[in-house]
There are 2 protein chains.
Amino acid sequence: MVTIKDIARRAGVSPSVVSRALNNKYGVKESTRQLIKNIAREMNYYPNAAARRLVTRKSGMIGVMMADISEPFYTQIIKGMEYVASQTGYTLLFSNSYDNLEKTNVLQKMIVTENVDGLVIVGSNRQDTSFIGMLLERKIPFVLIERNFKKDKVNCIWIDNKKAAYTATKFLLEKGHKKIAHIAGNLQNQVAIERLAGYTQALKESGVPEPNRLVIHGNFVCEDGYRAMQEILRAQPDCTGVFVANDSMTYGALQAIHEAGFAIPQDIAVVGFDDLEFSAFTNPPLTTIRQPRYEMGKKSMEILIKILQGEEKNGINLCLPFELVIRNSA
Amino acid sequence: MVTIKDIARRAGVSPSVVSRALNNKYGVKESTRQLIKNIAREMNYYPNAAARRLVTRKSGMIGVMMADISEPFYTQIIKGMEYVASQTGYTLLFSNSYDNLEKTNVLQKMIVTENVDGLVIVGSNRQDTSFIGMLLERKIPFVLIERNFKKDKVNCIWIDNKKAAYTATKFLLEKGHKKIAHIAGNLQNQVAIERLAGYTQALKESGVPEPNRLVIHGNFVCEDGYRAMQEILRAQPDCTGVFVANDSMTYGALQAIHEAGFAIPQDIAVVGFDDLEFSAFTNPPLTTIRQPRYEMGKKSMEILIKILQGEEKNGINLCLPFELVIRNSA
DNA sequence: TTGTACGCGTTATCAG
DNA sequence: CTGATAACGCGTACAA
């Protein structure tokens, strides 16, 4: 292993000069700096992260928490984060929180053993909230995605889920649908609550009577959408429109509709939520609310890193625009 | 920050005793060990990873390289890896290699600055091979997924792509299809070559004349499958079956077929490759070759960690079984 | 069984 | 502008 000592010996200087030269700090003659940099390159030197972390008490690592990294919803978020992180030299540390971030001690580990400089936490689970106080107290910068806390010093990136759901439902209403069902997400999540609220509001405003509202719950996965749709078809056979709380469930719903022999959108119109990559390739291509997922990831990391570098202060609340993407399912 | 010194002071012993106690090493009286452990828990002690890494020269981290973490193909592989890693206390470090692992210096960084204890590298890009010699030389244990190098001391996990493609094509032939096209992957990848070979062999064996073979190339993404299928429909209008090198491209192909007004599988039968989660929810549900992706990830990590812990030696070559999942697209 | 002393590679402080 | 020295927190010979 090549260390700064080796370079110092070759360059005929002391290790501390090498350190300063390589880190572009003041107080090194330009000629010696170049000499040292050349030698470092020649010897194929790479700094030892552990040693550096130990003394600087900074890790150059950012922890990323999400429910389940294997959900397609996260891929673009991750990609956006990765882009910024790699540009700025930060390393990302991922961890799944599954249903509950606070039951596990992954956060503790990230903070105390890995010394992450900051965190991005994706998700709106309503049970997970006390970690915020903990992070604030420890003064670990963090950015929340899918949350909208007005609390001071908390950084949030979110979209207006209620308005988006309202827009989606309104779209179905304007197409002339009278009986519109909703496949809701797990109401443990704030986003599910808000999408349900948007759906309800749109129907109310249009004067749709209570019995014509039908809400079935799922947990954001294909299978649940499939089952929920079957139930809708059974419970409300004259339903002609469905708004689904996310695209994964919508995929399941589409299948259930096909199997029941109905045409989309002629018999039943469907609007989803998320605009996953795959949603342009369903049959028919999905009309859905687009969440700017790549942007969410990118922004979260940009904000966090700016805060880490003192260029920005905590308390940022960023509401990103959604968009109704009209394809052929409604 | 709570350190072993703090605990030592509270326990009235020296730091070294604390270290040994917490690491369950011999040479500590059981009573003092318990005392120390209790105090550690009380004080909410977590070891500092940087300090430990610096002295032990082990990082407890495993690097994972793949082309693009946002591809749905990888999600289950990652999940399998994560499961084993979290069980055994290892931390995973992900990095995208995009087209070419060796152009970037991410591997260098992982090895030299982050000190990863081992690596899992997913992909079969034929340009990326020299890194193997480098890893062997540095004696960094690593496991390759999607490769089958017979080389000594190299650990490989793979499936028999040629046989799988042969099976898929044979299935179409047995259904009576005479003109079967193939949407191949990027031939820079070994897996694409082998799937093409399996397709070709099946047709040859069945005596299908050369002009009835049609191969269009794509790069494993939806859009390419869409375009390729359009080309097939144009170039060989009497084609009744298509074998596609991966499911993502298959999704695009399905859409192209729908748009052209053909029925699946009545007019055109389609067989894919991978069995992504979503493939059960296409219209119609996809007949495809299932790759045991979760298992691949799980096994890779199990093998790597066993090697790291000296319970296993390098040179493992594991061929996992594939399976033709018959749904409704063929 | 316990304690002492040292070193891992780097950066920061302070003196030259 | 440069160099010596002392940390950072932990693990480990070796001595007690």
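Naming convention: chains lettered A, B, ... in sequence-line order (proteins, then strands); numbering from 1 in each chain.
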Counting only N and O atoms by type, is there a donor-acceptor contact under 3.5 Å from the side chain of [X] to the main-chain atoms of [Y]?
X: A/D128; Y: A/N100; answer: no
X: A/N96; Y: A/I69; answer: yes
X: B/N48; Y: B/A50; answer: yes
X: A/R126; Y: A/Q188; answer: no
X: B/S97; Y: B/M66; answer: yes
X: B/R52; Y: B/P47; answer: no
X: A/S124; Y: A/Q190; answer: yes
X: A/R20; Y: A/G27; answer: no
X: B/N125; Y: B/Q127; answer: yes

Exercise for the section: Look at all strands and tell whether A/K25 reaches a base, only sugar-phosphate, or nothing, counting heavy atoms closer than 4.0 Å. Expected result: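 Contact class for A/K25: sugar-phosphate only.
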Handout entry: Validation row: A/V84, A/Y90 side chains within 4.5 angstrom (heavy atoms)
Key =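 Contact flag for A/V84/A/Y90 side chains = no.
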Donor-acceptor list for residues 308-319 of chain A side chains, cut-off 3.5 Å, not counting sequence neighbours:
from	atom 1	to	atom 2	distance (Å)
A/N314	OD1	A/N155	ND2	2.8
A/N317	OD1	A/W158	NE1	2.8
A/N317	ND2	A/N148	OD1	3.0

Practice task
Please list, chain by chain and in numerical order, all residues satisfying salt bridge (Lys or Arg N to Asp or Glu O under 4.0 Å) with B/D68, sequence neighbours excluded.
Solution key: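 Listed in chain order: A/K79.
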Problem - Close approaches to DNA chain D from residues 39-49 of chain B, in residue order (heavy atom, under 4.0 Å) - result: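 DNA chain D contact set from residues 39-49 of chain B: B/Y45, B/P47, B/N48.
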Exercise for the section: Enumerate the residues from residues 6-21 of chain A whose closest heavy atom to DNA chain C is under 4.0 Å, giving them by residue number; use none for an empty result. Expected result: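 Close to the strand are A/S16, A/S19.
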Handout entry: Near-strand residues of residues 50-62 of chain B, defined as heavy-atom separation under 4.0 angstrom from DNA chain C
Key =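 Residues of residues 50-62 of chain B under 4.0 Å from DNA chain C: B/L54, B/V55, B/R57.
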Whole angstrom value for the distance that separates [atom2] of [N] from [atom1] of [X]:
X: A/Q34; N: D/dC1; atom1: CD; atom2: P; value: 14 Å
X: A/L35; N: D/dC1; atom1: CG; atom2: C1'; value: 15 Å
X: B/L22; N: D/dT12; atom1: CG; atom2: C1'; value: 15 Å

Practice task
Before giving the answer on side chain to side chain donor-acceptor pair (under 3.5 Å), spell out for B/E295 and B/Q76 the whole-Å C-alpha distance, their side-chain angles and the decisive distance to 0.1 Å.
Solution key: CA-CA 8 Å; B/E295 201 67 17; B/Q76 288 300 312; over 6 Å; no
Practice task
Please find the earliest and latest nucleotides of DNA chain C, in the 5' to 3' direction, that have an atom within less than 4.0 Å of any heavy atom of chain A.
Solution key: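 Here the contact window of chain A covers C/dG9 to C/dA12.
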